[in-house]
Amino acid sequence: MNAVDTALAPKPAVRLISGNHACALGALAAGCRFFAGYPITPSSEIAERLSRLLPEVDGVFVQMEDEIASIAAVIGASMGGVKALTATSGPGFSLKQENIGYAAGAEIPCVIVNVMRGGPSTGMPTRPAQGDIMQARWGSHGDYPIVVLAPASVREIYDETMRAFDLAETCRTPVVLLYDQVIAQLAETVELGDTSDLARTERKWASGPRAAYQPYAADEDGIPAMSRPGAGYRVHTTGLNHAENGFPTQNPEAVARNLGRLLTKLDRHRDAIDSWQTINCDDAEVLIVAIGISARAATRALDIARARGVRAGLFRPITLWPFPETALREVAARARAVLVPEMNAGQLSLEVERILGGKRVEGMHRFNGEPITPAEIAARAESLAKAALAKETR
Amino acid sequence: MSAPSASRSGIDDEQLRPSATAAKAREPMNVLIVGVGGQGVIMVSKALAWLAQSKGFEVKQSEVHGMAKRGGTVFSHVRFGPQVWSPTIPKGEADILVALEWAEGLRWLPFLKPDTGIFICDTKRIVPPFACLNRRPGAPLRYSRETPAEVKAHVAEGYAIDATRMAEELGNERAANVVLIGALSTVLDFPAADWELALSAFVPKKTIAVNLDAFRLGRNWIDAARRTTTVAPEAGAPAANIPAPALVAYSVRLEITPQWCKSCDICVKLCPERCLRLNDERIVELAQPERCTGCRLCELLCPDFAIRVHLDAVANNAAAAQGATA
Amino acid sequence: MRDSRVEIRIGGTGGQGLILCAKMLADALAAAGKHVAQSQTYEPTSRGGYCNSDLVISDGEVDFPLATALDWLVLLDRLAIRPSWPLLKPGALVIADTRLCPDLPEGDRRAHHLPLSRTAIELGSERVANIVALGALAALAEICERRALEQAVRADTPRSFLDLNLDALAAGYRLGEQAITAPSSTSAG
Amino acid sequence: MIVDSAAAFDVRDYLRQEMMPHFLCPGCGHGIALRALLWAIHEQGIDKDTLAVVSGIGCAGRLSAYIDANTFHVTHGRPLAYATGLALARPDLHVVVITGDGDCLAIGGNHLIHACRRNLKLTCLMLNNEVYGMTGGQVSPTTSESRLTSTTPHGNAEPRFDACALAAAAGASFVGREGTRHVPKLKELIRSGLVHPGFAFVEVLSDCTEIFGRKNELGSSPEMMLRQKSELRPSAYRDTVDTPFRSNDLPTGILTKTERPEYGAAYRKAAAAQRASMAKASAAKSAAAPAKGTP
C-alpha cells in the first residue's frame with residue numbers, strides 16, 4: 001500500500017484497542033447510559049474508559065463503595081429506565097450474585113461484565129482463568145434464568161456487548177459477558193463501523209390504562225411490559241415471589257404461575273439468544289469445544305492437527321448460557337471424540353458431558369494461570385483420534 | 001420585711017393620683033409593665049427607668065424575660081422614688097399597670113392598687129397554644145372572655161387602647177409599645193419633651209420618627225378618652241370592635257375502618273378526652289362522642305390507618321353546639 | 001497452515017514502559033494494514049516484577065493471540081530471560097540491553113547486545129530506554145515503515161516528552177543500523 | 001395548629017388500599033412513621049407519579065408496598081445503593097429510602113456512610129425499633145445495652161450505634177431524629193428532609209411492641225409510646241440545667257444541617273462542561289481543517 005492510497009481512500013476505522021476498551025465502546029453504541037463499578041483487576045479499564053466517555057453522551061458514571069453497591073446502583077438505574085452496565089472480576093462477581101438474582105427475579109434488564117481471573121478467592125489477579133462458567137449460571141440462589149455470552153476476541157467483545165444489551169432489554173433479564181483476562185487486556189486491530197444510526201433495542205414499555213396494567217402479566221412472548229417511573233403506573237417491584245400484579249405472594253398457584261413463566265421465558269427467544277461458531281466440523285473426527293482464549297488456541301490447533309492428518313473441528317459457544325445444546329448435539333453426532341480444553345478444573349466439560357450423554361468427553365484442564373497452547377491441544381486431539389480409531393478397529 | 005411598711009408613714013394621703021412629683025415626697029412609684037415576648041416590654045421599662053433616673057430618682061428595675069423568647073410571658077417592675085429598697089412590686093402595690101397584651105393585663109390585675117391603680121392595656125390578643133387545650137366543638141378558647149367594660153369594675157382608672165392597630169396604621173406594628181408609653185406619659189408628670197428624648201435614645205435611629213408619632217398618638221388618645229369617660233372603650237372605641245379569634249364551627253365524626261384496626265389500644269389510652277374504647281370485637285369505637293374534641297390524636301397515632309377524623313363544618317355556632325352533643 | 005505469523009516479545013520489568021512501546025509498534029503496524037494482537041503479562045504489583053508485552057502480527061486475522069514461537073525478543077531485564085527463552089524460534093533474533101541483561105543462555109539464536117538503557121541515560125532519562133529499544137528493533141527487524149512508527153510515537157507521547165521520545169527513537173534506529181553491519185553473536189553472548 | 005394541615009391530609013389517598021390492612025403487628029410504630037412520611041409528602045406537594053420509594057428487607061422494608069407510588073423493595077441492606085443508581089439516572093424523580101436499623105446500620109452500614117459522604121439528593125428514613133423484628137427479635141446495632149433479645153438471652157453487652165452521630169460524622173448534610181409519639185413534629189422533620197438539597201438522614205424511633213417490648217416487659221403499646229415521650233427531649237434542651245438529672249443521649253429534632261454541593265447536580269455540571277469543551281474543540285478542529293488543506 002503506498003502513501004497516496006491511504007490518503008485518498010476513506011479510512012476504515014481500524015483501531016488497535018483492548019477487549020475492555022471494546023466493551024466500553026460496545027456499551028455506548030448499544031445505548032448504555034449508566035455505569036457503576038468498583039475497581040478490580042483485570043476489569044478496571046472498562047470503568048476508566050466509561051468515566052470519560054459517559055459524560056460525553058449525557059450518561060452517568062459512578063464509582064460505588066463496593067461491588068454490591070455497584071450492581072445495586074446498576075439495577076436501580078435500570079429500574080429508572082436507563083440501560084446500565086457494571087464490570088468486575090471473579091471476587092466481585094461472587095459479591096454481586098445476590099443482586100443478580102434480584103435482577104433475574106424482578107426482571108430488571110442489566111449487563112454484568114465478568115473478566116475471569118484465577119481463583120478461588122483472590123486467586124491470581126493478573127492471570128487468566130475460565131473458572132466462572134458455572135458461577136455465571138448458578139451463582140445466585142434459587143432457580144432463575146440468565147443469559148451468559150462468552151466472546152473470544154476484541155471484535156467479538158464489542159459485538160457481544162451490544163447484543164448483551166439487546167438481549168437484556170428484549171428478555172428483561174440480566175446478561176453476563178464472560179471473558180478471560182487475556183481477551184480483556186489483549187489489544188487487537190478491529191474495524192469498528194459507525195454505530196450512530198444503529199437501531200437500538202429498547203425494552204417493551206407499558207402502555208394503555210393504568211387499571212388494566214399488570215406488571216408481570218406477560219404477552220405471548222413471555223416477557224411482561226415494564227413500567228417507567230413517572231409514566232403513571234406506580235407499580236411495586238420486589239425480590240419476593242410475586243403475582244402478576246407485582247405484589248408479594250406465597251400462594252402456591254400464583255408463585256408457580258409467575259416463576260414458571262420466568263423459568264421458561266428465554267425458551268421463546270432462543271433464536272435471538274443462541275450463538276455459536278463451528279470451524280471444520282463437517283468432517284471432524286475430534287470435536288473440540290472451547291470458549292475464550294482456549295477457543296483461540298483451539299482454532300490454531302485445528303491447523304496444526306490437520307497438518308498431521310487429524311481431522312479436528314471446533315465448536316465454540318458464543319452464547320454460553322443457555323447452552324446451545326441442540327447445535328452441539330448435531331455437530332458432535334459425527335465426531336469420534338470430544339475434547340474440552342478449558343482453564344479450570346472441568347466446568348464446561350461437565351455441561352458438554354451432560355448434553356452429549358454417553359459420548360466420551362475428554363477434559364483438558366489447566367488452572368495455573370497459563371493459557372493452554374495450540375500445540376498442546378493439537379497433540380491431545382491427535383492422541384484422542386488415534387485412541388478412538390484403535391478402539392473402533394479393535 | 002419591715003422597711004417598706006415603715007416608709008408608709010410618709011404617705012401623703014391627699015395624693016390620690018400617682019404622679020412623678022408626688023413620688024419625691026412619698027414612697028416609691030410602682031409601675032408594672034407586662035406583655036409577651038417580642039412586644040417590647042423591656043424597652044418600655046428601660047425608657048421609663050432612664051427618664052426617672054434623669055430626674056434624680058433612685059430607680060430599681062427587675063424583669064423576667066429569659067425563657068420567654070417569642071410568645072412567653074414577660075414582665076418588668078420599675079420602682080422609683082427618693083429611696084427604693086426592694087426591686088419588686090408586691091401584690092396590690094402597683095400604681096400603674098401597663099399591659100401590652102390583653103390577657104397578660106388581666107393576669108396581673110391583682111398587682112394593681114385596688115383603689116387608685118391605673119390600668120393601661122393594649123387590646124391586642126395573642127392566644128397562647130395552651131388556650132386551645134379544650135377543643136370541644138364550638139367551645140370558646142380558654143382565653144379571657146372579659147370585655148373592657150367588665151374590667152372597668154375592677155380598676156380605679158382603666159384605658160383599653162387598641163395600640164397595636166394604631167401602630168399598624170402608622171406603618172409599624174412594633175411601635176405599639178410606644179403608643180402605650182404615650183398613654184403612660186399622661187399619668188406621670190414628666191414633660192412630654194423629656195419622654196421624647198428618652199424614646200429617641202431607646203429606639204433604633206431610623207424608627208425615631210414613627211416612634212415619636214406613636215408616642216403622640218397614645219398621648220392624644222388618652223386625652224380624648226378622658227374627655228369622654230374614664231373607662232375608655234364604649235361603643236365605637238377600637239377595642240370593642242375587636243372580634244374574638246375566629247372559631248370555625250364544626251362537628252366531629254370519626255370514620256373507623258374496622259377491618260384495619262388491630263386492637264393495639266394506642267388510640268384508647270392516648271386519647272386526651274378518653275372517649276374511645278375497644279368494643280366486644282376488640283375494634284375501636286367512639287364511646288363518648290360528646291367528649292370528643294376532634295383533636296385527631298387517635299388518627300395520627302393509629303399505626304393501622306383505621307381512624308379518620310372528619311371535622312364537618314356547620315352553618316353557625318348554634319349548629320356546632322348541637323353537633324357536639326348529638 | 002496460513003502463516004505470515006510473526007511474534008515479537010518485549011520483556012523486562014514493570015514500569016519500564018514495555019506495554020507502551022509495544023502499543024506504539026502495534027499502532028504503526030495496524031496503520032499499515034497488518035492484523036496485530038498485543039497481549040501482556042504482568043504481576044499484581046504496580047511497579048517491578050516480571051512484565052512483558054507480546055505482539056502477534058499476521059496478514060490475516062490472528063487466530064491465537066499469544067506468543068507460541070518468538071521471532072524477535074527484546075530483553076530489557078534479565079528477569080525476562082527465563083520465561084521467554086523456551087519460546088524462541090530456532091534462529092530468532094534477540095536484542096538485549098548490555099547493562100541490564102549482560103548474560104544470555106545458550107541456544108540457536110542471533111543476539112545483539114545493545115546499550116539501550118545507557119543511550120537513554122545519555123539522552124537524559126533512563127525512562128526512554130523502551131523507545132530506544134523500539135527504534136533498534138524496528139531497524140533490525142525491518143518490520144514497519146519508519147515514518148509510521150514515528151507517527152505512532154507522536155500519537156502516544158505527551159507533548160512535553162515528544163522531543164525526547166523522537167530523539168530516543170532515532171538513537172535506537174542508529175543502534176540498530178550499526179548492529180546490522182556489525183556481526184551478531186551466534187553463540188552465548 | 002395541627003388541625004388545619006391534618007384535615008387536608010387523608011393518608012388513604014397515598015396508600016395502596018388493596019394491600020390493606022398492612023402486615024405489621026398491632027401497635028407497631030412503623031405504621032405511624034409511614035403516616036408521617038406520607039403526610040410530609042402530601043404537604044410538600046410531591047406527585048405520586050414522580051415519587052420513588054426504595055426499601056430494604058425487614059419490617060421497615062415492607063412499607064414501600066403500601067405506598068401508592070413507584071416502589072422498589074430490594075435486597076437486604078442495599079436500598080441506598082439502589083436508590084443511588086435510580087436517583088443518578090433519573091434526577092427528575094423524588095427518591096425516598098425506607099430502611100430499618102439492621103438494614104441500614106449493619107448489613108447496609110457501608111452504603112449509609114458513603115451516601116452521607118456523597119451527598120446525593122435522597123431522603124433516607126431509618127426506622128429504629130432496636131431489633132430485627134421480622135426474623136424473630138435478634139439483637140441489632142441499635143439495641144440498648146442490657147436489653148433482652150433472642151440472641152442476647154442474658155442481656156445485650158454490645159454498645160449501640162448512635163445512628164445520627166454516625167451519619168453526621170460521615171458527612172451527612174442533614175441529620176434529624178424524632179419519635180413516632182410526636183407525629184406532627186416527625187412530619188415536619190421529614191418534610192425538612194424532603195426539601196433539603198442533598199442527602200437527608202432521618203432516624204425515626206419506633207416501637208416494636210410485640211417482640212422487643214414483650215421480651216423486655218416494656219408494657220403495652222400505649223405504655224411503650226408514653227415512655228418514648230419521657231425519654232426524648234428536643235435537642236434545644238440539651239444544655240439546660242436539668243440535664244444531669246435526665247439522660248439525654250438521644251436528642252431529637254434537626255441535629256445537623258449544612259450546605260454542601262449536591263452530588264448529582266455537581267456531576268451533571270461537570271459533565272456539561274466536558275461536553276461544552278469537546279464541542280468547542282471539535283468546532284475549532286473543523287474550522288482549522290480546510291485551512292490546512294489549501295496549500
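Just the heavy atoms: all of them, side chains too, but no hydrogens, waters or symmetry mates, feed the values below. Below, chains carry the letters A, B, ... as their sequence lines are ordered, and counting in each starts from 1.
Ion pairing of Arg210(A) with Asp68(D) is present here, as a side-chain N (NZ or NE/NH1/NH2) and a carboxylate O approach within less than 4.0 Å.
Put simply, of Ser227(A), Gly101(A), Gly239(A), Pro229(A), the one with the most heavy-atom pairs under 4.5 Å next to chain D is Pro229(A). Most heavy-atom pairs under 4.5 Å with chain D, from the set Val74(A), Asp66(A), Ile71(A): that is Asp66(A). Contact count against chain A (heavy-atom pairs under 4.5 Å) is highest for Val74(D) among Val74(D), Thr84(D), Thr50(D). Note: Asp58(A) leads Asp58(A), Val57(A), Val62(A) in heavy-atom pairs under 4.5 Å with chain D. Counting heavy-atom pairs closer than 4.5 Å to chain A, the top-ranked of the candidates Asn70(D), Val53(D), Ile67(D) is Asn70(D). Heavy-atom pairs under 4.5 Å with chain A peak, among Thr71(D), Asp92(D), Leu80(D), Leu88(D), at Thr71(D).
With a threshold of 4.5 angstrom between heavy atoms, Asn245(A) does not approach chain D through any atom at all. With a threshold of 4.5 angstrom between heavy atoms, Ser64(D) approaches chain A through its backbone and through its side chain. With a 4.5 angstrom heavy-atom cutoff, Val82(A) touches chain D only via side-chain atoms. Looking at Arg118(D), the atoms closer than 4.5 Å to chain A (heavy atoms on both sides) all sit in the side chain, from C-beta outward. With a 4.5 Å cut-off on non-hydrogen atoms, Tyr267(D) touches chain A through its side chain but not through its backbone. For Ala65(D), the parts lying near chain A are the backbone and the side chain together; criterion is any non-hydrogen pair under 4.5 Å.
The aromatic rings of Tyr14(D) and Phe9(D) sit tilted, their planes meeting at an angle between 30° and 60°. Using the six-membered ring where Trp is involved, Phe247(A) and His236(A) have ring planes that are parallel, under 30° apart on the 30 and 60° scheme. Ring geometry, Tyr216(A) versus His242(A): the interplanar angle falls from 30° to 60°, so the pair is classed tilted.
Remark: Arg62(D) is positioned above the aromatic ring of Phe23(D), its terminal NZ or CZ atom under 6.0 angstrom from the ring centre and at most 45 degrees off the axis. A cation-pi arrangement is absent between Lys121(D) and Phe199(D), since the terminal nitrogen or guanidinium carbon is not both under 6.0 Å from the aromatic centre and inside a 45° cone about the axis. At least one test fails for Arg90(D) against the ring of Phe34(A): distance under 6.0 Å to the centre or angle within 45° of the axis.
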**Asked** Under the side-chain hydrogen bond (donor to acceptor under 3.5 Å, both in side chains) criterion, do Glu48(A) and Ser51(A) qualify, and how do the steps go?
**Response** CA-CA 5 Å; Glu48(A) 288 166 357; Ser51(A) 72; over 6 Å; no
